[in-house]
K.L.:
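Structure below; questions to follow.
First listed ligand is number 1; within each ligand, the first listed atom is number 1.
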Amino acid sequence: MQLDPQVQTSSEDPYGVYRELRDRTPLARYPGRDLWVLSRYADVQAAIRDPATWSSARGTVPSGFVPAKPMLITQDPPRHTRLRKAVQRAFTPRRVAALEPRIRGFARELISDFPGDGPVDLFEAYTNPLPIFVISELLGVDRERRAMFTRAGDAIIHGQNDPDSARVQAAQEELFGYLASVVPERRARSGDDLMSVLLHASGEGEALDEEELLGFCGLLLLAGTETTTMSLTSSIALMDLRPDLREALRARAELWPRAVEEFLRFDSPVQGQTRSLLRDVEVHGEKLREGERVHLLYASANRDERVFPDPDRFDPEREPNNHLAFGFGIHFCLGASLARLELRVALQELLARAPNYAVDHAGARRVRSDTNRGFDRLPTQLEP
Ligand code: HEM
């Protein structure tokens with residue numbers, strides 16, 4: 001068994017390795033990575049619910065990369081508590097629900113540009129642009145910058161293993177430089193876009209300072225887009241192998257909310273996140289020291305037979321489904337309801353346009369990343 005986060009994340013089926021870890025070495029060591037790994041649901045959940053011991057401040061990815069601007073995801077309390085409260089007001093259920101017609105509009109716009117019956121690379125033509133259009137709309141930034149946002153995400157999220165590389169630094173400068181150039185105009189007028197809202201204090205929350213604002217918008221453009229793209233590509237690839245599932249989803253619209261949760265559990269787009277210890281702890285009889293780093297395998301927790309009956313079966317009606325695909329506790333994904341909405345709408349629209357699509361699995365390409373799982377090339381015949 002070759003044990004490495006990137007190897008597992010990009011392999012065809014990492015779930016056999018995860019099962020072995022859970023059964024034989026629930027606390028394991030990644031050789032050569034200076035990193036422990038926890039794979040059982042109970043252990044992963046216990047860690048993320050205790051941020052006073054399991055810190056996010058030294059990065060949440062195996063390389064220990066910490067972005068150049070302060071981001072919510074790499075803060076511990078009390079700063080995390082204050083920042084989260086300040087941005088929460090921009091993610092009200094009302095604001096998210098109001099986006100549904102816009103998301104559907106974007107999906108249809110992209111679909112109308114598909115070439116006849118294909119072939120088409122669904123990553124390029126659909127799953128990559130859609131989440132970027134949504135976050136750009138939310139932030140009020142120019143969606144035509146998609147190529148730059150994708151480049152930055154690619155360098156920053158997938159280049160984590162070499163965090164000091166010129167490529168990662170240049171990507172950060174380009175992304176934050178663009179965002180900073182938009183701030184003065186937003187400061188001058190108070191619009192309804194998220195940047196304007198966060199720059200101005202209101203009865204519901206305080207304003208962010210400029211560094212915090214840039215970090216937060218950068219986080220949304222990176223983490224809020226790539227994750228959704230990964231999840232869409234994995235779901236499309238999975239449905240390709242399950243015509244019965246496609247048919248069920250088209251015939252019974254009420255299945256969608258549970259099916260979306262099952263897509264997230266079954267092949268989790270964020271396979272794991274890392275924490276650093278703020279004090280010594282004992283786990284499975286082993287003493288872990290303050291400062292040591294532990295990778296928490298959310299995707300393995302989501303297949304843990306101790307929690308999920310028949311975990312390797314995709315069950316679109318699974319209930320309960322308390323997966324950890326969005327994390328848990330104080331860092332629980334801020335965009336979870338938006339992500340669920342995007343997944344449902346994008347997959348619905350795709351099935352309406354191309355119910356019999358066929359993915360060319362030989363031509364598909366998996367992303368190489370320590371944390372995120374999905375495809376960045378998905379050639380597909382729309383009507384075989
Ligand atoms: C399927 C899509 C998505 C998945 C699987 C996902 C997953 C996650 C996970 C696992 C975390 C917790 C990280 C940790 O424990 O260290 C997280 C945090 C976060 N996510 Fe998402 N995410 C998705 C989409 C989005 C979207 C669309 C947005 C924004 C609109 C977003 C914004 C955030 C933010 C801001 C945080 C940090 C929250 C905090 O630290 O308090 N995510 N996400």
Side-chain angles (χ1 to χ4, degrees), residues 38 44-45 47-51 54-62 65-67 70-77 79-88 90-92 95-96 99 103 127 130-139 153 157 194 198 208 212-213 215-235 260-276 293-299 301-302 323-347 369 371-374:
L38 282 172
V44 170
Q45 193 188 37
I48 34 183
R49 75 188 330 161
D50 178 13
W54 303 78
S55 165
S56 294
R58 285 177 229 166
T60 64
V61 292
F65 172 69
V66 180
M71 290 191 179
L72 192 60
I73 201 163
T74 48
Q75 305 295 322
D76 290 339
R79 195 176 187 193
H80 176 270
T81 319
R82 186 181 64 75
L83 266 180
R84 176 103 187 186
K85 189 157 173 262
V87 297
Q88 195 99 44
F91 275 83
T92 58
R95 189 184 271 269
V96 171
L99 281 169
I103 299 172
T127 67
L130 185 66
I132 293 181
F133 287 0
V134 174
I135 299 288
S136 302
E137 167 98 359
L138 200 65
L139 292 178
I157 300 174
L194 210 137
L198 294 176
L208 298 188
E212 291 167 345
L213 180 80
F216 183 65
C217 295
L219 176 61
L220 293 197
L221 278 165
L222 299 173
T225 58
E226 217 266 346
T227 46
T228 312
T229 299
M230 291 299 100
S231 188
L232 283 171
T233 56
S234 296
S235 307
V260 163
E261 297 311 309
E262 185 69 343
F263 282 125
L264 291 161
R265 179 195 73 84
F266 190 79
D267 203 9
S268 304
V270 177
Q271 295 264 296
Q273 290 278 280
T274 305
R275 298 289 190 265
S276 301
R293 299 163 47 72
V294 186
H295 194 54
L296 308 171
L297 276 178
Y298 296 172
N302 289 341
H323 62 74
L324 303 178
F326 289 123
F328 186 84
I330 65 164
H331 290 284
F332 180 80
C333 177
L334 186 70
S337 50
L338 177 58
R340 288 171 169 134
L341 179 61
E342 284 184 64
L343 292 176
R344 174 170 61 77
V345 170
L347 295 174
S369 157
T371 52
N372 291 12
R373 176 170 170 80

K.L.:
Using a strict cut-off of 4.0 Å, indicate which atoms of ligand 1 neighbour a heavy atom of L72.
P.N.:
38 (C), 39 (C), 40 (O), 41 (O)
K.L.:
For atom 2 (C) of ligand 1, which candidate among A339, P269, S337, G329 provides the closest heavy atom?
P.N.:
A339
K.L.:
Heavy-atom contact under 4.0 Å between T74 and ligand 1?
P.N.:
no
K.L.:
Is the contact between H331 and ligand 1 made by the side chain, the backbone, both, or neither, using heavy atoms and a 4.0 Å cut-off?
P.N.:
both
K.L.:
Side chain or backbone of L219 under 4.0 Å from ligand 1, or both, or neither, by non-hydrogen atoms?
P.N.:
side chain
K.L.:
Heavy-atom distances under 4.0 Å are what count here, so tell me which part of L338 touches ligand 1: side chain, backbone, both or neither.
P.N.:
side chain
K.L.:
I'd like to know if the side chain of T81 and the backbone of P77 have a donor-acceptor N/O pair within less than 3.5 Å.
P.N.:
no
K.L.:
Can M71 be said to touch ligand 1, with heavy atoms closer than 4.0 Å?
P.N.:
no
K.L.:
Using a 3.5 Å cut-off on N or O atoms only, is S56 in polar contact with ligand 1?
P.N.:
no
K.L.:
With heavy-atom distances below 4.0 Å as the criterion, list the atoms of ligand 1 near V270.
P.N.:
7 (C)
K.L.:
Does H80, backbone or side chain, put an N or O under 3.5 Å from an N or O of ligand 1?
P.N.:
yes
K.L.:
Run the numbers for me: atoms of ligand 1, each under 4.0 Å from some heavy atom of F91, listed by number.
P.N.:
30 (C)
K.L.:
Looking only at non-hydrogen atoms, find the nearest pair between L38 and V44 and report the distance.
P.N.:
O-CG2, 3.7 Å
K.L.:
List every atom of ligand 1 that sits less than 4.0 Å from any heavy atom of L264, numbering the atoms from 1 in the order shown and giving each element.
P.N.:
1 (C)
K.L.:
May I ask you to identify the nearest protein heavy atom to atom 27 (C) of ligand 1, giving residue, atom name and distance to one decimal place in Å?
P.N.:
G224 O, 3.3 Å
K.L.:
At less than 4.0 angstrom from any non-hydrogen atom of R275, what atoms of ligand 1 do you find?
P.N.:
14 (C), 15 (O), 16 (O)
K.L.:
Can you check whether F91 reaches L194 side chain to side chain, under 4.5 Å on heavy atoms?
P.N.:
yes
K.L.:
Could you tell me whether ligand 1 has any atom less than 4.0 Å away from a heavy atom of L138?
P.N.:
no
K.L.:
Between the side chain of T233 and the main-chain N/O of M230, is any donor-acceptor distance below 3.5 Å?
P.N.:
yes
K.L.:
Give yes or no for whether the N/O distance cutoff of 3.5 Å, strictly under, is met between T228 and ligand 1.
P.N.:
no
K.L.:
Using the side chain to side chain contact (heavy atoms under 4.5 Å, CB included) rule, pick out the option among N372, T225, T227, V61 that qualifies with I157.
P.N.:
N372
K.L.:
Do side-chain atoms of R373 reach the backbone of S234 as a donor and acceptor pair under 3.5 angstrom?
P.N.:
no
K.L.:
Record the part of S268 in heavy-atom contact with ligand 1 below 4.0 Å; permitted values are side chain, backbone, both and neither.
P.N.:
neither
K.L.:
Starting from atom 29 (C) of ligand 1, find the nearest protein heavy-atom neighbour and note its residue, name and distance.
P.N.:
L220 CD2, 3.6 Å
K.L.:
Main chain of V270, side chain of S268: is a donor-acceptor contact present, judged purely on distance under 3.5 Å?
P.N.:
no
K.L.:
Any nitrogen or oxygen of Y298 lying under 3.5 Å from a nitrogen or oxygen in ligand 1? Just yes or no.
P.N.:
yes
K.L.:
Who gets closest to atom 11 (C) of ligand 1 by heavy atom: F216, F332, F326, W54?
P.N.:
F326
K.L.:
Is there a donor-acceptor pair under 3.5 Å between the side chain of D76 and the backbone N or O of S56?
P.N.:
yes
K.L.:
What's the verdict on side chain to side chain contact (heavy atoms under 4.5 Å, CB included) for R84 and I330, showing C-alpha distance, side-chain angles and the deciding distance?
P.N.:
CA-CA 9 Å; R84 176 103 187 186; I330 65 164; over 6 Å; no
K.L.:
Considering only heavy atoms, which of P51, C333, G335 lies nearest to atom 8 (C) of ligand 1?
P.N.:
C333
K.L.:
Under 4.0 Å from any heavy atom of I135, which atoms of ligand 1 are there?
P.N.:
30 (C)
K.L.:
Please write down residue, atom name and distance for the protein heavy atom closest to atom 13 (C) of ligand 1.
P.N.:
Q273 OE1, 3.5 Å
K.L.:
Would you check whether I330 reaches within less than 4.0 Å of ligand 1, judged by its heavy atoms?
P.N.:
yes
K.L.:
Check whether any side-chain heavy atom of E212 sits under 4.5 Å from a side-chain heavy atom of R82, and report yes or no.
P.N.:
yes
K.L.:
Would you check if I48 and H331 make a side-chain contact, meaning some heavy-atom pair closer than 4.5 Å?
P.N.:
no
K.L.:
Should one rank A325, G59, A299, G327 by closest heavy-atom distance to atom 7 (C) of ligand 1, which comes out on top?
P.N.:
A325
K.L.:
For the side chain of R49 and the backbone of G329, is there at least one donor-acceptor N/O pair under 3.5 Å apart?
P.N.:
no
K.L.:
Is it the case that the side chain of T228 and the backbone of G224 share a donor-acceptor pair, with hydrogens and angles ignored and the cut-off at 3.5 Å?
P.N.:
yes
K.L.:
Check R373 against ligand 1 and report side chain, backbone, both or neither, counting heavy atoms closer than 4.0 Å.
P.N.:
neither
K.L.:
Going by heavy-atom distance to atom 24 (C) of ligand 1, choose the closest among L334, L296, T227.
P.N.:
T227
K.L.:
Any heavy-atom pair between the side chains of R340 and E261 that's under 4.5 Å?
P.N.:
yes
K.L.:
Regarding ligand 1, does R84 bring an N or O atom to under 3.5 Å of one of the ligand's N or O atoms?
P.N.:
yes
